[in-house]
Each structure stands twice: as C-alpha cells, then as structure tokens.
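Naming: A, B, ... by sequence-line order, numbering from 1 per chain.
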2 protein chains.
Amino acid sequence: MKMTIKEIAKLAGVSQATVSKIINNYDDVGAKTKERVLGIMEEYGYRPSYAAQSLVKKVTKVVGVIYAGKINANFNHPFFVDVMSMFKKTMGAEGYDLLFFSNEKFHKNNENYLARCQHYNVDGCIIIGGDEVEPSVYELDQSEIPCIGIDLPLSGKHSGYIMTDNAKISALAVEHFYLLGERNIAFIGGKKTSNISSERLHGFREVMKTYGLPVNEEWIKHGDFFEESGFGAMKELLEQENCPEAVFAASDLMAMGAVRAIKQSGRKIEDFAVIGCDDITASRYIDPPLTTVKQDKDKIGKMAAYVLKDMINNQIEQTSVRVEPELIIRESCSEKKRQIR
Amino acid sequence: MKMTIKEIAKLAGVSQATVSKIINNYDDVGAKTKERVLGIMEEYGYRPSYAAQSLVKKVTKVVGVIYAGKINANFNHPFFVDVMSMFKKTMGAEGYDLLFFSNEKFHKNNENYLARCQHYNVDGCIIIGGDEVEPSVYELDQSEIPCIGIDLPLSGKHSGYIMTDNAKISALAVEHFYLLGERNIAFIGGKKTSNISSERLHGFREVMKTYGLPVNEEWIKHGDFFEESGFGAMKELLEQENCPEAVFAASDLMAMGAVRAIKQSGRKIEDFAVIGCDDITASRYIDPPLTTVKQDKDKIGKMAAYVLKDMINNQIEQTSVRVEPELIIRESCSEKKRQIR
DNA sequence: CGTATTTACGAAATCGATTTCGTAAAAAGT
DNA sequence: ACTTTTTACGAAATCGATTTCGTAAATACG
C-alpha cells in the first residue's frame, strides 16, 4: 500500500509538517521524534510522491534525453549508446534519473521539446545530435532550461555542447593516408545539413589543401552515419571510371558499409585503404580490423554530465568543450599495396 | 514563461475548471469558448504540469526502465539496445515516455525499485534481465505495478515476461554442429545464477542426450555475456589437454571473444566451429562472419510493449511470451575442416 | 525565582492541476 | 406561455507534499 505523508504523520502522532521536515533534514525536530518517525517510514516503506514534491519544489532530479531528428534515429547508434551509457552512469552517481522523450506521437501532435521539458519540469536536458537544428530544438536551446548538445552545437545562454574536434578528425585521417602514400582520397560524410559532418568535410578540405592534394568533388559522398548508407556511397564510388583507393568515412558504420561494398564488387579489399571514425567496439573485430579515428566516448559522456550538473547547480552559462580525437591504426589501410608499388 | 492553468483561465475570462475540461476533452464546454481558450493556450505555449496532473490523476504515461543487476550492466549490450530501441518506438507511438532509473546512488542508499516506481507513479515498468532475481526485483514483481521482464522470468499477478525459447536456442546450435559432424562440443554460458543461461545449459544437455553425445563437464564454462568473458572462457578451453573444436557461446559477444582467443593462441580459426547467439549487427561483419542463433529482438521489444500496454489498460494478468529463435548460418563453422577429414 | 532564549512542533497557505455538484440561462416540449 | 430538459459554466474540495510563521514548553541566564 502506498502511504502518504498524512498517514505517516497520523501513525507517528505528529503533524505533516514535522514528517516533511524530517524528510528534508530540517534541524528543528527533536531527536527521539525523528527516530520514531523514521522508524515508521521505514516500516511502511514510505516514499514521498514525486509529483507532490516537484509541484512545490523547484528540483526534480530528472533530466530529459532527447534524440533529435528522425524518429528514434541514433538511439541505437553505437557511438551514442556508449556516450549515453557513461552519461547515465555519471548522472546516476548524483542521483539523477533519465527521462527519454519519445517522439512518435510527439511529431504527429506537432508538440515541441520545450513544452515537454516544462511539462515534466526536468532540471535540464541532453540533446543527442540530429542531422539539423530543428526549430523545436532551437526553441529549447534558447530557453531557461539548461541543455547540453552532443554533436549538436547549442548556443543558448543556458546551453552548451560537447563534441570532438571535428576538423582534427579529418586531419588525422588524411595525414595517415598521406604518410601511407595515398593520394586519391574520398570522403563519405553524414547528411549535408549535419553540423558535425560539415565540420569534418571542411576539415577534410583544409588538410587536403595543406598537403597539396586536390579534392575531387565526385569523391565527396553523403550518407547518414549508418552502415547501409556507407555501402551505397561506396558503391557509387566504385562505379566511377576513376575510382579512389582511399576512403575516409565519417563513421565506423559507414566504413563497414564501404568495406562490404568493396568486397561485394569483387575487388580485393587489400587494394583499398579505408579509415573510419568513432572506434566503436565492433571495429576491432571486423575484417579487416578497421583503422579509425577514435572519439573518446567515455569522456564525452562524462563531460556532458559534469557540465550539465554545473549548469543546474551553479547557473553556469554557455560552456562547450571539444575533445581530442585519436588515430587508431589497425589493418584496413593495407601496406601490401604499397609494397607492391 | 511557464504558464499555469490559473493564468490561462484569467486571460480567457473563464474558470480553471473550464480550461481543465477543455484540456481533458469534456463535452460540456461551448464551442466558441473552447476555441477561444485553445487559442490562448496555443499563443502562450501552455502545457499542463506533469506533477500537478499526475498528483490527481492515476495515469502518468510514463513507464520505468530498470536495468537489474550490476550497475548499468546491459545498458550497452547490443542485444538489449536493440530490444529497447523497438520497445521505445512502440511505447512512444502510444504516447509513453521512458524513465530510466539510475541505480548508482540507489544501491548506496539501499533503496528499492518498488519505492522508486511509487515515487514517480509510473504506469508500469520493464525490467531488463539481471543475472539473478534480486529481492528488490522480486518485491516489485509481486506488487500491483504492471511489470514486464526481458530475459527475466517474473511471476507476479501483474507481471509477465518476454524471452526467446532458450532450450530451442541450444537445440538449434547443437543440431547444426551435429549435422556438420562436430562431436566435441563446448558450452559457454552466462552467470550460473542467470535464468536464461541455465535454461540454455539445460537445453544443451537435453539435446546432447538426444543425439547421444556425451557432455564433458570440463567444457562447460560460464561468462557474463560480454566479449571479455568469452575470451577468458575460450582461453581456458584451449589450455586443456583435450580441447573441443566446437563451441556454442550463449551470446555473440562471447563468441567473438572465443574467436579472438583462438586466433591469439596461434591456431587456425578454420579448425574450429563456433556458434554464437543473438545475431547482433556486428556478427555479420566480423571475421569470420558468425554463425549464430538469432533472437528476434524487434519482436521481443514489440511484444513487451504490447503486453505491458495491455496490462496497464485492461488489467490483464500474468502474460508471458516465448519467441522462436532461428539459426543463421554464416561462416564460423568452416566446412574446410570436414572436407579435409 | 523571574526573565530571556532556545527548542520542538503545528496550523494553514501553497504548488497546478482534476472533478463533483450545483445552478443560471437557453432550448425544447406541450 | 409555462414547464421541462439540456447546455454551459463555476465554486470548492482534493491530490501529497513544502514552508512560513507563530507559540508553548523547556532551558539558560542573572
């Protein structure tokens, strides 16, 4: 049976106020009274109602989680799964629970994120990168509610974002290709409207320029960060008369798709060099083990939690952090080819 | 600015009651009044407060998500990620949001799941399989709150569970080995206390008996469903004088670990036959592509949502469903070996 | 021992909704 | 035109907490 504060009070022979004070650690309660009430609360398994509490208090100890963009996209993307896992753990250590907003009905009713946050009175929220900044995200970004974007640049006064240094990601990949002697380099990115994708593409162009390498516009492809799109992009690349031998894909999943396309086309995978991005768990086990630019998912998740908590508790303003990527060399940029040359 | 029902009422020149009735689609409100109030609500972006609503109503349209067992374990296990993804989508279509309980602080304070569910007044909850049935899970199971266990057998009056037919999983794997001529078959399961693991082990023993195959107790190993544990188990297997050539691992991740151990030991992977379980996305891309017993993750997620909704809305009692596994043949049970023999 | 402080507690307002029940006005019936 | 029914709306109680402010009793002070 679910107990209320009133019943506990009656049982203990005190007023609601006294019980409430005990719950909230006020110091004007006698020691013996406190002990007795605590005993009763324990005995009946009493828990204060979240609804009643959050109605009167400001704080809910709940943060909202929003997967922006296409319905449910990214919920099962390995990169975001890992980031969220660490975020959840870090927030959990501070007693926060996570409310994942569903957005199916949501889109139908044309509701907005801000309204939902207000409805639940969340203390803050985290928005997982969509492919573009929707008006609804912008509205939330500009609101009073503390928000952290993951792979999504938020600019509001009470917002911030965490993401890897995207230009550097491309730099690391291209540099590796360059040192390996690769000159014909293709780029498979995410949606054109995606911020991180365009940062990576921009970084790609910059570093190519630095190395004096020409950028073939035919070799710039756009996917959606998932496997299938990498497969499709690579297939198109392979159909071209002059086909690149080096491919940098902006996600490991797309890189895996590219590898699959190469294999399926009947060509030898050893004749290609492919670099992915993210360093998802699977990338070490696939064939060939994927050379990739690692994103520090644990750090991203942790930083998101730290910054968000700081905003909630200390009213910190606009904080954003860029985390360093790292090149992980495995075997998808075969040396054989170059040895033959 | 966050509006309250009182302010909307004042703005519209009506009472709170009328506004509330409009929100809840009562039919005793005049057409023009309704329209006017709706307009004002729209204009000011008014959303009723969840706290106030759930305080007085019974329904919250929120379901709790609990990862039982070790802190945060399973949150990022590919199998559960896929199941949850579909569960979230299906519940979302009905307007439910998902509250993921953190359990870090939780364990410290020795709080229990039931208390948390009551605190948030969730309509129901889903419990993701832990390695054992903790007292706290049992308590929730036996409560009035509708609960669905995923890979966790719940027995309460208002509970149910969804899981694959575990005995059949083992049967499919062993049958495949048998037809391939394998006779020395090892089993790598999850924790001994894990229900699904023991069901699979039991099924394994049964089917081995059916085929007249002896079960070597030295070849029964226990991991934790993650990669590292499969690696460790296989390593132990390889160190034995008489080492099995066929290995059925109760998860793809452990199968991947086993493959890694075999490779690392210097033996040829072609000399071994390994079958995994789950059919996670990665299993098709690894080297060698993994033969596995597929669990229908989409169906599991969907069924969990359907049954839970049914329990919430129609007070259905104890419903459990077993879903059929399916053998997916890829290349980790090489034919070469047998051709040589 | 009388006065001044503390200490320990409760009455009541409040948070933002829902819902019951009563009633004035409008519509329908005869 | 008068009664009956329907329609449209509001007053007030309620949900389960928190918090302010007031006060009686206990303790300290001189």
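As rounded to whole Å, 19 Å separates atom P of dA17(C) from atom NZ of K61(B). Protein atom OH of Y120(A) is 18 Å distant from nucleotide atom P of dG16(C), rounded to whole Å. Between the CG atom of N24(A) and the P atom of dC15(C) there is a distance of 18 Å, given to the nearest Å. Remark: P of dA17(C) and CE of M3(B) are 11 Å apart, rounded to the nearest angstrom. The distance between atom CD of Q53(B) and atom P of dC15(C), rounded to the nearest whole Å, is 18 Å. The separation between I5(A) atom CD1 and dA12(C) atom C1' is 14 Å, rounded to whole Å. Put simply, CD on E7(B) is 12 Å from C1' on dC15(C), counting in whole angstrom units. One can place CG of N121(A) at 14 Å from C1' of dA17(D), the figure rounded to the nearest angstrom.
Distance from the side chain of T18(A) is smallest for dG10(C) among the nucleotides dT19(D), dG10(C), dT18(D). Nearest nucleotide to the A17(A) side chain, out of dT18(C), dA12(C), dA17(D): dA12(C). The listed nucleotides are dT19(D), dA17(C), dT19(C); the one nearest the side chain of S49(B) is dA17(C). Taking only side-chain atoms of Y46(A), from C-beta outward, the nucleotide of dC15(D), dT18(C), dA17(D) with the closest atom is dA17(D).
Contact detail for A12(B) and V37(B): the closest heavy-atom pair is CB-CG2, 3.8 Å. Scanning all heavy atoms of the two residues, the minimum distance from L152(A) to G129(A) falls at CB-CA, 4.0 Å.
In this structure, P48(B) and D28(B) both approach DNA chain C, and ranking their closest nucleotides by distance from the 5' end singles out P48(B). The nearest heavy atom of DNA chain D to A51(A) and to V29(B) marks one nucleotide each, and the one closer to the 5' end goes with V29(B). Map K6(A) and Y26(A) each onto its nearest nucleotide of DNA chain D; the residue landing nearer the 5' end is K6(A).
For F80(B) and Y67(B), the gap between ring centers reaches or exceeds 6.0 Å. Taking the six-membered ring wherever Trp is involved, the centroid distance between the rings of H77(A) and F226(A) falls below 6.0 Å.
Ion pair K61(B)/D97(B) not flagged as a salt bridge, since none of the NZ, NE, NH1 or NH2 atoms sits closer than 4.0 Å to an Asp/Glu carboxylate oxygen.
Within 4.0 Å (heavy atoms only), S54(B) reaches no atom of the nucleic acid at all. Backbone-only engagement by T4(A) is indicated by non-hydrogen atom pairs under 4.0 Å involving sugar-phosphate atoms exclusively. Counting non-hydrogen atoms under 4.0 angstrom, V14(B) reaches the backbone sugars and phosphates but no base.
The side chain of T33(B) contributes an N or O atom lying less than 4.0 Å from OP1 or OP2 of dC9(D).
Checked by distance alone, K21(B) brings a side-chain donor or acceptor within 3.5 Å of a matching partner on the base of dG10(D).
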